Peer 1: 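Encoded as structure tokens, here's the structure I'll be asking about.
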Amino acid sequence: MSGKPGHAGVIHTPWIWHNGDFVPWDSANLHVMSHVVHYGSSVFEGIRCYATREGPSLLRLDDHLRRLLDSCRIHRIPVEYDVAFLRDACCKLFERNELEEGYLRPLVLRGEGAVGIHPGDARVETFLICWPWGAYLGKDAHEAGVDACVSTWFRPAPNTHPTLAKCAGNYPLAQLMKMEAAQNGYTEAIALAPDGTVSEASAQNVFLVKGGILYTPPADGSMLSGITRDSTIVLAQDAGIAVREERIPREKLYICDELFLTGTATEITPVRSVDRIPVAGGTRGPITELLQRRLLEVAMGRAPDPHGWRTVVRGRRSTRVA
Ligand code: PMP
């Protein structure tokens with residue numbers, strides 16, 4: 001990989017996939033009159049690729065691509081590719097960029113062709129971008145945990161912004177949450193649902209442990225149904241841990257035994273305090289550590305993959321390791 005550092009430390013890779021072709025990083029541009037620039041009309045994914053003995057391995061690639069196409073469906077974006085085609089293109093992109101591990105950002109957007117709200121004939125453009133990306137919440141976060149606050153911002157009510165779609169237009173809220181948190185000295189913000197119960201963080205789902213039981217809020221229309229959330233539930237069940245998807249009152253954040261966030265970029269990251277109240281002892285708890293370890297073992301090919309979560313990039317083919 002012969003990348004060079006660009007803005008904000010993002011390492012540029014040589015190639016970006018655009019509508020079926022590979023174009024140099026610096027040529028993957030949009031016109032300012034693209035519909036997405038004005039109205040937030042794009043859907044996207046974030047996928048991690050791990051270095052394994054068998055080669056670079058994309059975690060839950062098909063599930064992410066399915067969610068991408070679901071997001072297109074919800075937002076009526078006519079995309080011409082299916083999961084198999086995109087899977088192959090993603091693998092070729094990693095191959096071509098000679099990237100062993102990193103982050104993959106599939107993006108489908110409405111481009112030029114409409115100036116009003118109705119997207120009309122705005123051209124649909126598909127991009128696949130990959131680059132090296134380390135720990136999202138900081139180098140020590142996986143072990144030491146992060147400080148979070150409860151946001152003053154609420155997540156949207158069902159039937160407002162469709163939160164099962166990973167649409168760019170949903171993310172100004174996440175930015176407000178994150179900026180407010182940073183301003184007040186926190187790393188992350190946990191938002192409440194319109195009914196005042198716990199919803200999700202700026203780009204992570206929320207889990208807590210109380211009395212040996214793992215709790216997470218239900219996908220109630222106020223949050224994105226995370227793929228790492230699903231992996232965490234499955235790994236917990238595989239380990240014999242009881243899991244309950246139920247509404248969580250805010251104050252349970254202050255009295256739980258363990259609290260952690262899940263997301264593709266974040267992986268599983270402990271929360272050590274909420275609103276400056278330490279979570280239990282303020283150190284990573286045993287269930288958090290177990291689930292972190294199990295997730296990374298599967299992702300990095302150090303454990304069997306009973307659920308078929310790994311897609312290994314081998315040459316110009318992709319192989320799902322079942
Ligand atoms: N919620 C939001 C709003 C997100 O942006 C993300 C990151 N994609 C998540 C939750 C976690 O989802 P996933 O585990 O699929 O990355």
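All figures in this text were calculated on a predicted structure; none of them were measured in a lab.
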Peer 1: Only one of R66, R105, H64 forms a side-chain hydrogen bond (donor to acceptor under 3.5 Å, both in side chains) with E45, so which one is it?
Peer 2: H64
Peer 1: Classify the angle between the aromatic ring planes of Y136 and W133 as parallel (below 30°), tilted (30 to 60°) or perpendicular (above 60°).
Peer 2: perpendicular
Peer 1: Roughly how far, to the nearest 0.5 Å, is the CG atom of L208 from the CD1 atom of I213?
Peer 2: 10.5 Å
Peer 1: I'd like to know if the side chain of S34 and the backbone of V36 have a donor-acceptor N/O pair within less than 3.5 Å.
Peer 2: no
Peer 1: Under a 4.0 Å N-O cut-off, is there an ion pair linking E258 with K210?
Peer 2: no
Peer 1: Please tell me whether L224 and L107 are part of a single hydrophobic cluster in this structure, the criterion being side-chain heavy atoms less than 4.5 Å apart.
Peer 2: yes
Peer 1: Work out which heavy atom in C90 is nearest to a heavy atom in L128; give both atom names and the distance.
Peer 2: N-CD1, 3.9 Å
Peer 1: Side chain of T13, backbone of W131: donor and acceptor closer than 3.5 Å?
Peer 2: no
Peer 1: Would a single hydrophobic cluster contain both V115 and L109, if residues Ile, Leu, Val, Met, Phe, Trp and Tyr are joined by side-chain heavy-atom contacts under 4.5 Å?
Peer 2: no
Peer 1: Is there a donor-acceptor pair closer than 3.5 Å between any side-chain N or O of E188 and the backbone N or O of V146?
Peer 2: no
Peer 1: Where the side chain of K92 meets the backbone of R87, is there a donor-acceptor pair that is under 3.5 Å apart?
Peer 2: no
Peer 1: Indicate the atoms forming the closest heavy-atom contact of D257 with G211, along with that distance.
Peer 2: OD2-N, 2.8 Å
Peer 1: Test side-chain contact (heavy atoms from CB on, under 4.5 Å) on D305 and V298 and set out the steps.
Peer 2: CA-CA 6 Å; D305 180 22; V298 175; 3.7 Å; yes
Peer 1: Evaluate N97 against C130 for side-chain contact (heavy atoms from CB on, under 4.5 Å), listing each step before the verdict.
Peer 2: CA-CA 8 Å; N97 282 319; C130 68; 3.4 Å; yes
Peer 1: I'd like to know if the side chain of N170 and the backbone of A165 have a donor-acceptor N/O pair within less than 3.5 Å.
Peer 2: yes
Peer 1: Under 4.0 Å between a side-chain nitrogen and a carboxylate oxygen: does that hold for R48 and E267?
Peer 2: yes
Peer 1: Say whether V150 and L176 are linked into one hydrophobic cluster, either directly or through other cluster members, by side-chain heavy-atom distances under 4.5 angstrom.
Peer 2: no
Peer 1: Could you check whether the rings of H18 and F127 sit parallel, tilted or perpendicular, using 30° and 60° as the cut-offs?
Peer 2: parallel
Peer 1: Measure across S151 and A191 and return the closest heavy-atom pair with its distance rounded to 0.1 Å.
Peer 2: CB-CA, 4.2 Å
Peer 1: Taking the side chain from N205 and the backbone from S225, do they hold a donor-acceptor pair closer than 3.5 Å?
Peer 2: no
Peer 1: Counting distance only, does the side-chain N/O of H118 pair as donor-acceptor with the main-chain N or O of G120 below 3.5 Å?
Peer 2: yes
Peer 1: Is a side-chain donor or acceptor of Q292 paired with a backbone partner of I268 at a separation under 3.5 angstrom?
Peer 2: yes
Peer 1: Salt-bridged, D230 to R67, with N to O below 4.0 Å?
Peer 2: no
Peer 1: Which atom names give the shortest non-hydrogen contact between Q204 and T266, and what distance separates them?
Peer 2: NE2-OG1, 3.1 Å
Peer 1: Report the distance from atom OG1 of T197 to atom CG of D220, rounding to the nearest 0.5 Å.
Peer 2: 6.5 Å
Peer 1: Taking the six-membered ring of F260 (Phe, Tyr or Trp), confirm whether the NZ or CZ of R284 is under 6.0 Å from its centre and within 45° of its axis.
Peer 2: no
Peer 1: Considering all heavy atoms of both residues, which atom of S273 and which atom of D147 are nearest to each other, and what is their separation?
Peer 2: OG-OD1, 2.7 Å
Peer 1: Among T232, I227, I233, find the residue that satisfies the side-chain contact (heavy atoms from CB on, under 4.5 Å) test when tested with R229.
Peer 2: I233
Peer 1: Has H31 got a side-chain atom pairing as donor or acceptor with M33's backbone, closer than 3.5 angstrom?
Peer 2: yes
Peer 1: Supply the atom-to-atom distance T262 OG1 to F207 CZ, rounded to the nearest 0.5 angstrom.
Peer 2: 4.5 Å
Peer 1: For residues Y254 and I277, report the shortest heavy-atom separation together with the two atoms involved.
Peer 2: CD2-CD1, 3.6 Å
Peer 1: Quick one: CD on E246 to OG1 on T216, what's the gap to the nearest 0.5 Å?
Peer 2: 10.5 Å
Peer 1: Can you check side-chain contact (heavy atoms from CB on, under 4.5 Å) on L68 and L86, steps first, answer last?
Peer 2: CA-CA 10 Å; L68 180 76; L86 290 171; 4.2 Å; yes
Peer 1: Please tell me whether Y171 and F44 form a close aromatic pair, meaning their ring centres lie under 6.0 Å apart.
Peer 2: yes
Peer 1: Side-chain heavy atoms nearer than 4.5 Å, only ILVMFWY residues, links allowed to pass through others: does that put M223 and I190 together?
Peer 2: no
Peer 1: Using atom types as modelled and distance alone, determine if a side-chain donor or acceptor of S222 lies under 3.5 Å from a backbone N or O of A157.
Peer 2: no
Peer 1: Mind checking whether L253 and M177 sit in one hydrophobic cluster, side chains of I, L, V, M, F, W, Y counted as touching below 4.5 Å?
Peer 2: no
